[in-house]
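Below: one structure, written as structure tokens.
As the structure is a prediction and not an experimental result, all values here were calculated from the model. Worth knowing before you read on, the calculation uses all heavy atoms, side chains too, and leaves out hydrogens, waters and symmetry mates.
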Amino acid sequence: MADVSVRFQIAGDSEIVLNLATAQAVRLVEALMGKVADAMAAPDRLAVGSSWQQGAPVAPAPPTFNPGPRLQQ
């Protein structure tokens, strides 16, 4: 018997629906989060020249604030 329905949205209107027992759903989420953590920790994730960075716009540096000299009162 399924305790949890896990839905994965795919391109367009398609989706994958998994009907799992609670323990299976917990293991699935743990496995997915482990994969995400591994991917985020990978040193080559932010490698210069990677395909997703090529042609990406570069944001200008934020403006600096110089209040000038303080007025004596």
(message) Between L20 and D3, is the side chain to side chain contact (heavy atoms under 4.5 Å, CB included) condition met? List the steps.
(response) CA-CA 6 Å; L20 305 172; D3 298 321; over 6 Å; no
(request) Decide whether V4 and L28 are clustered together by the hydrophobic rule: side chain heavy atoms of Ile, Leu, Val, Met, Phe, Trp, Tyr closer than 4.5 Å, transitively. (result) yes
(message) Count I, L, V, M, F, W, Y as connected when their side-chain heavy atoms are under 4.5 Å apart, and connections chain through other members. Are L32 and I10 then in the same cluster?
(response) yes
(message) Please find the pair of heavy atoms, one from N19 and one from S5, that lie closest to each other, and give the distance.
(response) OD1-OG, 2.7 Å
(request) Would you name the heavy atoms of R7 and V17 that are closest together and state the gap between them? (result) NH1-CG2, 3.4 Å
(request) Look up atom CE in M40 and atom CE in M33, then write down how far apart they are to the nearest 0.5 Å. (result) 10.0 Å
